[in-house]
Amino acid sequence: MPRRINDLERNHPQPSPGVVPENRGDFNDNANPLWTLYSEKAKDHDEAKIETLTEGMNGVLLFAGLFAAALTPFIVDRVQTIQVTPAQQMVFYEQQSVEMLKQISAQLSSAFPQASIPSPPPLPPISSLTANPSRSDRRVNVFWFISLVLSLAAALLATLVQRWSRNHMQIFHRYKHPLKLSRIRQYLHEGVEHWHMSAIAEAVPALIHTSLFLFMIGLADFLVHTDVTVGAPTVVFIVLYCIFYAITTVVPVWNPQFPLRSPFSVLLWFLAQGLPFRLYKDRIDGKPKPVSQNMADGQMELALE
């Protein structure tokens, strides 16, 4: 570290005792080596974090696009079950035509009472031109439309997170003065922590997972009410997948060393530690303290106890 400071001092020499340092408001060059070191370390930290975040958002965008493309044909096919079909329209218009002919026949009979006009056979009452989908059709359409909306919302949030990432890293190229750069970066970092940007980033894959679950529920409902022989084995595999997903959500909260976790594990950890659920022994004073409600910080505390 002393060698590092010496290098920084050579690059940013301190002003001579008789020379007044350059002032820019409350920004001066007295501590340039220190702030340069801070800004470089902060840049390395932010670049690593944002690179990981950007890769995750790229994966979300790719999956959301493929999933929406696969889901759309299912929706196009099933939406017809909640719409008026051409056959229903034909029956409705035929009933309307027969009703008009009956009225014309009644008028002719009153005008020419001596004429004998046979009355047409009775028809069922005219129904309104509305669809009559089954409950299963309604449920399937609800599940799949919500699934599509959630996948598109995840894609939108992913693009917003990527835009924030680019804007955040631009400060390291926009400002050159070490103290000014460090203060602006710290100011923005406090905003990221205050508005829980990490939680928002975790919510994006959670939306995708929820969308996938809703699609599977709708698919199971559709197949079971269409053909039980086809639907039963499909439901079995969907249930197995749900059990595995529940394991990857719950087990990391009980055992933080478990390598797999879902986006909902973070939420479950936050709720569990609000009780608090787990304590760790502080190395400084040796007293047990509640583990942090942040999952990453909590794992670090447990690892270092």
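The two atoms that bring S292 and W269 nearest to each other are O-NE1, 3.0 Å, heavy atoms only. The two residues L181 and Y175 make their nearest non-hydrogen contact at CD2-O, 4.1 Å. Nearest heavy atoms, K49 versus E193: NZ-OE2, 4.4 Å. Between M295 and P252, the closest heavy-atom pair is CE-CB, 3.7 Å. Nearest approach of T210 to L150, heavy atoms of both residues: CG2-CD1, 3.7 Å. Pairing each heavy atom of S211 with each of F67, the nearest pair is OG-CE2, 2.9 Å.
Annotation: side chain of H189 is not in contact with side chain of H194 (no heavy-atom distance under 4.5 Å). When side chains are defined from C-beta on, L152 does not count as touching L156, because their heavy atoms never get closer than 4.5 Å. Side-chain contact check for F145 versus V79: some heavy-atom pair is nearer than 4.5 Å. A heavy-atom distance below 4.5 Å is found between the side chains of W144 and V140. Annotation: side chain of H177 is in contact with side chain of N32 (closest heavy-atom distance under 4.5 Å). In this structure the side chain of V192 reaches within 4.5 angstrom of the side chain of W164, judged on heavy atoms. Proximity of T159 to M57: side-chain heavy atoms (C-beta onward) are nowhere separated by under 4.5 Å. Between V149 and I146, the closest side-chain pair of non-hydrogen atoms is not below 4.5 Å.
For the side chain to side chain contact (heavy atoms under 4.5 Å, CB included) with R185, the qualifying choice from H45, E190, K180 is H45, the only one to do so.
Under the 4.5 Å side-chain heavy-atom criterion for grouping Ile, Leu, Val, Met, Phe, Trp and Tyr, L212 is connected to I208 within one hydrophobic cluster. Hydrophobic clustering places M216 together with V230 (ILVMFWY residues linked when any side-chain heavy atoms are closer than 4.5 Å, directly or through intermediates). Cluster annotation: V236 is not connected to V224 through the hydrophobic network of ILVMFWY side chains, with a link wherever side-chain heavy atoms come within less than 4.5 Å. Cluster annotation: W195 is not connected to I184 through the hydrophobic network of ILVMFWY side chains, with a link wherever side-chain heavy atoms come within less than 4.5 Å. Residues L207 and V142 share a single hydrophobic cluster, defined by chaining ILVMFWY side chains whose heavy atoms lie under 4.5 Å apart.
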What pairs of donor and acceptor atoms, side-chain ones from residues 254-261 against any protein atom, are under 3.5 angstrom apart with sequence neighbours left out?
unit_1	atom_1	unit_2	atom_2	d
N255	OD1	Q257	N	3.2

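Taking CD of E202 as the start and OG of S265 as the end, the distance is 9.0 Å to the nearest 0.5 Å. Summarising the geometry, atom CG belonging to L53 is positioned 11.0 Å from atom NE2 belonging to H168; distances are rounded to the nearest 0.5 Å. Atom CD1 in I243 sits 12.5 Å away from atom CD1 in I238 (nearest 0.5 Å). Rounded to the nearest 0.5 Å, atoms CD (E47) and OG1 (T54) are 11.0 Å apart. Between I171 atom CD1 and K43 atom NZ the span is 10.5 Å, to the nearest 0.5 Å. Note: D221 CG to T226 OG1 = 9.0 Å, rounded to the nearest 0.5 Å.
Side-chain N or O atoms of N141 include one that pairs as donor or acceptor with a backbone N or O of D137 at under 3.5 Å. Put simply, the side chain of Q273 gets close to the backbone of R278: a donor and an acceptor are under 3.5 Å apart. Proximity of a side-chain donor or acceptor of D46 to a complementary backbone N or O of M169 within less than 3.5 Å is not detected.
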Exercise. Applying ring pair (Phe, Tyr, Trp, His ring centres under 6.0 Å), run through F74 and F215 and close with a yes or a no.
Key: CA-CA 10 Å; F74 287 92; F215 169 73; 5.4 Å; yes
Practice problem: Output, in order, the C-alpha distance, side-chain angles, deciding distance and verdict of side chain to side chain contact (heavy atoms under 4.5 Å, CB included) for L157 and L160. | Solution: CA-CA 5 Å; L157 281 178; L160 293 177; 4.3 Å; yes
Exercise. Assess whether side chain to side chain contact (heavy atoms under 4.5 Å, CB included) is satisfied between V235 and L223, documenting all intermediate values.
Key: CA-CA 9 Å; V235 171; L223 292 177; over 6 Å; no
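Taking a 6.0 Å sphere around CZ of R135, one finds it holds 12 or fewer heavy atoms contributed by other residues, nucleotides or ligands.
Side chains of N58 and Q162: a donor on one and an acceptor on the other come within 3.5 Å.
Within the structure, side chain to side chain donor-acceptor pair (under 3.5 Å) contacts touching residues 241-251 (residues at least two apart or in different chains) are H209-Y245, T249-S262.
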